[in-house]
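Read through the structure below, which is laid out as C-alpha cells, and then see the notes.
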Amino acid sequence: MTKARDFIKPGENILAIFTKGMHFELSVGNTGVTGEWDVDPSHARSVDRILVYHQNNETSTNDLYVASLIRVDPARREGRYNLQLNHVQYVGITPLNWHDFAEAGANPIRYLP
C-alpha cells in the first residue's frame, strides 16, 4: 500500500499534513490553503512539496493531494500558520489511517526526507 514516503522523489523533502478539512480550501486554478498549523515557518519553507492527507468524512475516504508551497502566512491564532499552496493535484485515496500512512504518532505534521 502507498505510504507518504512513496511520494518522495530522490533528494526531496516533503511536509505531510493530516487534516479533516476545517481549514483546507481548494480554489480554481489548482491553488489552495491549509491552515492554522503549529509549524516553524523557516522549516516549512525548506520543503520541496506538501502532501495533504484529507480525512473526508462526507465521502468516508482519505483523499491525497500534492502541492507546491507558495508561502507561509501567520494565521489568526498566535503561533499558527497558513500554508498557501500552488499546483495542487489530487493523487488518489488511501485506506491507511494517518499513523500508518505517515509512519507518525498523533502529530498531524510529518516532515519526511
Side-chain angles (χ1 to χ4, degrees):
M1 292 199 183
T2 302
K3 293 191 176 197
R5 291 186 184 280
D6 297 328
F7 290 91
I8 303 171
K9 296 176 183 173
E12 184 177 58
N13 294 311
I14 66 169
L15 171 57
I17 295 173
F18 169 86
T19 183
K20 291 185 178 179
M22 186 181 344
H23 302 288
F24 179 49
E25 300 172 15
L26 297 174
S27 303
V28 175
N30 297 333
T31 61
V33 64
T34 182
E36 308 246 342
W37 296 110
D38 182 11
V39 296
D40 175 342
S42 61
H43 196 189
R45 287 184 196 102
S46 71
V47 300
D48 299 296
R49 288 187 301 150
I50 305 293
L51 175 59
V52 178
Y53 175 107
H54 176 216
Q55 185 181 56
N56 189 334
N57 291 330
E58 291 178 19
T59 61
S60 298
T61 59
N62 301 314
D63 301 320
L64 302 174
Y65 299 85
V66 293
S68 299
L69 180 66
I70 298 173
R71 66 180 185 274
V72 180
D73 295 328
R76 284 180 269 156
R77 291 172 57 194
E78 187 175 336
R80 301 290 178 130
Y81 296 89
N82 294 321
L83 306 176
Q84 301 293 326
L85 308 174
N86 197 11
H87 306 295
V88 180
Q89 294 180 308
Y90 174 78
V91 292
I93 61 173
T94 181
L96 299 176
N97 64 38
W98 168 250
H99 305 287
D100 292 336
F101 176 76
E103 300 170 291
N107 192 339
I109 299 289
R110 177 84 159 110
Y111 291 92
L112 292 162

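All of these numbers come straight from a predicted model, not from anything done at the bench.
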**Request:** Please test L15 against L51 for side-chain contact (heavy atoms from CB on, under 4.5 Å), starting from the C-alpha separation and ending with a verdict.
**Result:** CA-CA 6 Å; L15 171 57; L51 175 59; over 6 Å; no
**Message:** For the CZ atom of R110 and the CZ atom of R5, what is their distance to the nearest 0.5 Å?
**Reply:** 5.5 Å
**Asked** Within the distance-only criterion (no hydrogens, no angle test), does the side chain of D6 pair as donor or acceptor with the backbone N or O of K3 below 3.5 angstrom?
**Response** yes
**Euclidean distance, D48 CG relative to N13 CG, rounded to 0.5 Å** = 5.5 Å
**Request:** Indicate yes or no for a side-chain donor-acceptor contact from H87 to the backbone of A67 under 3.5 Å, with no hydrogens or angles considered.
**Result:** no
**Complete:** All heavy atoms of P113 vs all of I8, minimum pair found to be O-CD1, 2.8 Å
**side-chain hydrogen bond (donor to acceptor under 3.5 Å, both in side chains) contacts touching residues 30-47 (sequence neighbours left out)** = T34-W37, D40-S42
**Request:** Please identify each residue that fulfils salt bridge (charged side-chain N to carboxylate O under 4.0 Å, His left out) with E25, with sequence neighbours left out.
**Result:** none
**Request:** Say whether N62 and Y53, considering side chains only, have a donor N or O and an acceptor N or O under 3.5 Å apart.
**Result:** yes
**Request:** Spell out, yes or no, whether I50 and I109 are grouped together once hydrophobic residues are joined by side-chain heavy atoms under 4.5 Å, including indirect joins.
**Result:** yes
**Prompt:** According to a 4.5 Å side-chain heavy-atom criterion applied to Ile, Leu, Val, Met, Phe, Trp and Tyr, with indirect links allowed, do V52 and Y90 form part of one hydrophobic cluster?
**Reply:** yes
**Separation between NE2 of H23 and CZ of R76, rounded to the nearest 0.5 Å** = 7.0 Å
**Prompt:** Is it the case that one hydrophobic cluster holds both L96 and F18, taking links as side-chain heavy atoms less than 4.5 Å apart, direct or via other members?
**Reply:** yes
**Complete:** On a heavy-atom basis, the closest approach of I70 and L85 is CD1-O, 3.4 Å
**Criterion side chain to side chain contact (heavy atoms under 4.5 Å, CB included) against T94, the qualifying member of T61, T2, L64** = L64
**Message:** Students often mix this up, so state it plainly: with edges at 30° and 60°, are the rings of H54 and Y65 parallel, tilted or perpendicular?
**Reply:** tilted
**Asked** In terms of hydrophobic clusters joined by side-chain contacts under 4.5 Å, are V39 and V47 together?
**Response** yes
**Item:** Taking every non-hydrogen atom, the tightest pair across L83 and A44
**Value:** CD2-CB, 4.5 Å
**Item:** Inter-residue atom distance I14.CD1 - K9.NZ, 0.5 Å rounding
**Value:** 11.0 Å
**Message:** Please find the pair of heavy atoms, one from A4 and one from L112, that lie closest to each other, and give the distance.
**Reply:** CB-CD1, 3.5 Å
**Message:** Please determine whether residues F101 and Y111 belong to a single hydrophobic cluster, defined as Ile, Leu, Val, Met, Phe, Trp and Tyr linked transitively by side-chain heavy-atom distances below 4.5 Å.
**Reply:** no
**Asked** Can you tell if the side chain of F24 reaches within under 4.5 Å of the side chain of N56, non-hydrogen atoms only?
**Response** no
**Asked** Between W98 (side chain) and I17 (backbone), is there a donor-acceptor pair under 3.5 Å?
**Response** no
